[in-house]
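Bear in mind that the values here come from a model prediction, so they are computed numbers and not experimental data. Read the numbers this way: they start at 1 and go in the same order the structure lists the ligands and their atoms. Scope of the values below: all heavy atoms of this structure, side chains included, with no hydrogens, waters or symmetry mates.
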Amino acid sequence: MCGIIGYIGKRKVVPVLIDGLKRMEYRGYDSAGLAYIRDGEIVAVKSMGKIARLEQQLQDVDAESHIGVAHTRWATHGEPNEKNAHPHLDCTGRIAVVHNGIVENYRALRKYLQKQGHRFTTETDTEVIAHLIEEYYKKDIPFIDALTSALLQIEGTYGLAILNADEPNKLYAARHGSPVIIGKGEKENFVASDAAAIIRYTNRVIYLNEGEVAEVTDDGFEIFTLRKDRVKPEVQKLTMTLQELEKGGYPHFMLKEIFEQPATVRNSFRGRLNLEMGTARLNGLKSHLDVIEKLKRIVITACGTSWHAALIGEYLIEELARIPVEVEYASEFRYRSPVLDDGTAVFVISQSGETADTLAALREAHNQGVSVFGIVNVVGSTIARETDAGVYIHAGPEIGVASTKAFTSQITVLALTALMLGRRRGIVSTERGYELASHLAKIPEKIKWILDSQTANIKKIAEKYHKKNNALFLGRGINFPVALEGALKLKEISYIHAEGYPAAEMKHGPIALIDENMPVFFIAIDDLMYKKVVSNIEEVRSRKGKVIAIATLGNEEIRRYADDVVYIPETDYLLSPLLTVIPMQLFAYYTAVLRGCSIDQPRNLAKSVTVE
Ligand code: M6R
């Protein structure tokens with residue numbers, strides 16, 4: 001959700017903060033703001049909209065300040081206007097707070113603080129934090145004590161960076177439920193919600209744990225619990241590179257990330273496939289394999305695109321390992337008292353590793369005493385750290401809000417997991433294992449083939465349909481979740497209403513929507529259900545719907561039924577989602593471009609949803 005950054009050190013602070021904000025803009029982009037200390041006073045500058053507007057406002061400011069905090073916002077409480085933009089100040093204007101998270105008891109706190117005489121100027125939940133610290137910050141009370149006392153009153157989640165004008169050589173940070181890292185530099189230190197904001201300056205970081213507070217100066221830092229016990233920090237090295245955070249010549253991150261997929265899928269299986277033995281090895285799960293292979297049931301929980309990957313995982317694991325799988329929306333899982341009996345384990349899937357709903361589901365599973373395994377992209381993220389074990393998907397930083405390369409990497413890891421379990425449980429033979437492993441090894445070149453040979457075609461299809469208001473995506477079997485994903489991609493970035501359905505379900509309702517204005521995407525590859533899908537296509541055609549078929553290369557017959565055809569190379573049915581999704585990602589992308597939408601930062605969305 002929101003991105004926060006704080007800096008103290010040898011550089012002028014404003015350019016560092018602006019640069020950091022730009023790298024986190026994908027976390028939220030309703031408004032932005034920063035505050036720095038100059039001549040013992042806090043100067044705050046805020047702006048509605050994107051970071052570029054804030055930057056413009058600051059272009060003539062050459063602030064001789066070396067300490068500050070900044071924020072890019074995804075609004076939760078209060079309209080996304082300039083007033084509600086962070087930083088938020090106390091009554092004296094000497095305490096500035098930037099916050100990622102939600103203060104759930106802010107109404108009660110605000111009422112209490114108003115009674116004590118505090119004047120509020122915004123509608124946000126965050127403003128209570130500044131006033132609450134002010135309330136405790138009395139003569140002879142050290143600021144850190146006032147801060148911890150205030151934080152103990154807060155219910156909800158926070159990742160915070162805080163300035164106190166009385167201490168121009170100290171920056172404060174705190175974490176509860178929203179990620180915060182400290183970046184360790186030479187004669188400078190950073191606080192951020194996201195490694196991307198600081199990787200340009202340092203790759204040495206400390207992840208704050210839940211309920212920890214940090215006091216940061218230019219040459220060091222100290223970490224405490226809220227009860228003021230000192231914590232020994234563990235410095236870790238980031239593997240991310242600055243280059244991975246650049247667009248690399250592409251107009252948008254989303255397009256770059258779509259075109260990265262031959263490489264990212266390869267990275268996901270690199271070193272993990274054993275062709276000779278027809279199996280896979282996943283070191284992250286190694287020490288738990290004896291338990292996992294004997295499971296009676298697996299529950300996979302996730303949100304959004306990761307949830308779609310989970311549905312594909314259900315097909316893969318049930319087919320190859322014969323372990324019953326249930327897939328749950330993480331947001332529902334936590335609140336419906338799930339039955340997690342002996343012999344059940346939970347897998348959580350998350351690109352960011354910070355999604356609040358998924359994290360809450362993970363914690364619910366732990367509370368019920370079952371093991372939780374992670375399939376995560378962001379190294380060192382909260383979900384990665386709280387799971388019992390897990391596998392990184394190695395897709396590299398995904399910046400576009402619409403998830404693309406993380407999806408294919410998640411499927412790759414799920415296929416590896418299913419293959420490994422199937423082999424260990426004696427369900428998949430060495431021959432079948434070899435066949436699957438060899439098909440998987442060829443997926444990168446097949447994705448590349450689609451990107452090279454079908455992109456122009458897909459662009460034309462987008463030109464034809466980009467003015468439509470609705471679209472349907474239909475698929476069967478393991479490609480049904482891909483239909484859901486195709487619809488989600490289109491909705492997210494082009495704002496066209498789209499639905500994904502199992503193709504055969506169409507006749508039970510959605511068929512009523514079909515007329516000459518309805519583009520219908522069919523995943524009609526050469527599998528066991530091909531003939532049935534062709535019948536579904538006929539049903540759409542006879543009602544004048546427009547058919548776009550994603551078909552297997554070499555199938556010329558399909559041209560008789562479809563208005564447009566996009567080809568994908570042949571592969572094993574179980575791996576086909578890795579190919580069928582590519583045209584859908586490209587279609588959503590080019591449609592959104594033609595509609596003039598904000599591709600990497602679609603309205604109302606944020607890359608990582610750290611509120612429930
Ligand atoms: O980081 P996560 O994988 O946990 O995020 C889950 C969803 O918020 C995410 O997939 C979202 O649906 C994307 N915007 C999809 O493109």
Seminar exercise, completed: N100 and P179 have their tightest heavy-atom pair at ND2-CD, 4.3 Å
Exercise. Can you find an N or O of A402 that's nearer than 3.5 Å to an N or O of ligand 1?
Worked result: no
For this session: Could you grab the distance from atom NZ of K50 to atom CG of L21, nearest 0.5 Å is fine?
Result: 14.0 Å
Exercise. Can an N or O of T358 be found at a distance shorter than 3.5 Å from an N or O of ligand 1?
Worked result: no
Exercise. To the nearest 0.1 Å, how far is atom 10 (O) of ligand 1 from its closest protein heavy atom, and which atom is that?
Worked result: T305 N, 3.0 Å
Exercise. Is K489 in contact with ligand 1, taking contact as a heavy-atom separation below 4.0 Å?
Worked result: yes
Exercise. Nearest heavy atom to atom 6 (C) of ligand 1: which of C303, A330, G304, A302 does it belong to?
Worked result: C303
Seminar exercise, completed: For V401, the atoms of ligand 1 under 4.0 Å from one of its heavy atoms are 13 (C), 14 (N), 16 (O)
Problem set entry | Between CZ on residue F473 and CD1 on residue I550, distance to nearest 0.5 Å | 8.0 Å
Exercise. For atom 13 (C) of ligand 1, what is the nearest protein heavy atom, given as residue, atom name and distance?
Worked result: E492 OE2, 3.3 Å
Exercise. If you count the non-hydrogen atoms of other residues, nucleotides and ligands that lie under 6.0 Å from NZ in K448, is the total more than 12?
Worked result: no
Seminar exercise, completed: Closest non-hydrogen contact found for L579 with K446 is CD2-CB, 3.8 Å
For this session: Within a distance under 4.0 Å of any heavy atom of S306, pick out the atoms of ligand 1 and give their elements.
Result: 2 (P), 3 (O), 10 (O)
For this session: May I ask you to decide whether K489 forms a salt bridge with E492, counting only side-chain N to carboxylate O separations under 4.0 Å?
Result: yes
Exercise. What's the shortest distance from atom 5 (O) of ligand 1 to any protein heavy atom, and which residue and atom give it?
Worked result: T355 OG1, 3.4 Å
Seminar exercise, completed: Counting from 1 in the order shown, the ligand 1 atoms closer than 4.0 Å to a non-hydrogen atom of S352 are 1 (O), 2 (P), 4 (O)
Exercise. Can you find an N or O of S403 that's nearer than 3.5 Å to an N or O of ligand 1?
Worked result: yes
For this session: Do me a favour and list the nearest non-hydrogen protein atom to atom 8 (O) of ligand 1 with residue, atom name and distance?
Result: V609 CG2, 4.0 Å
For this session: Within a distance under 4.0 Å of any heavy atom of Q351, pick out the atoms of ligand 1 and give their elements.
Result: 1 (O), 2 (P), 3 (O), 4 (O)
Exercise. Taking atom types as modelled, is there a side-chain donor on N479 or S576 under 3.5 Å from an acceptor on the other?
Worked result: yes
Exercise. Can R595 be said to sit on top of Y495's aromatic six-ring, NZ or CZ under 6.0 Å from centre and within 45° of the ring axis?
Worked result: no
For this session: Tell me yes or no: between the side chains of T305 and E485, is some donor less than 3.5 Å from an acceptor?
Result: yes
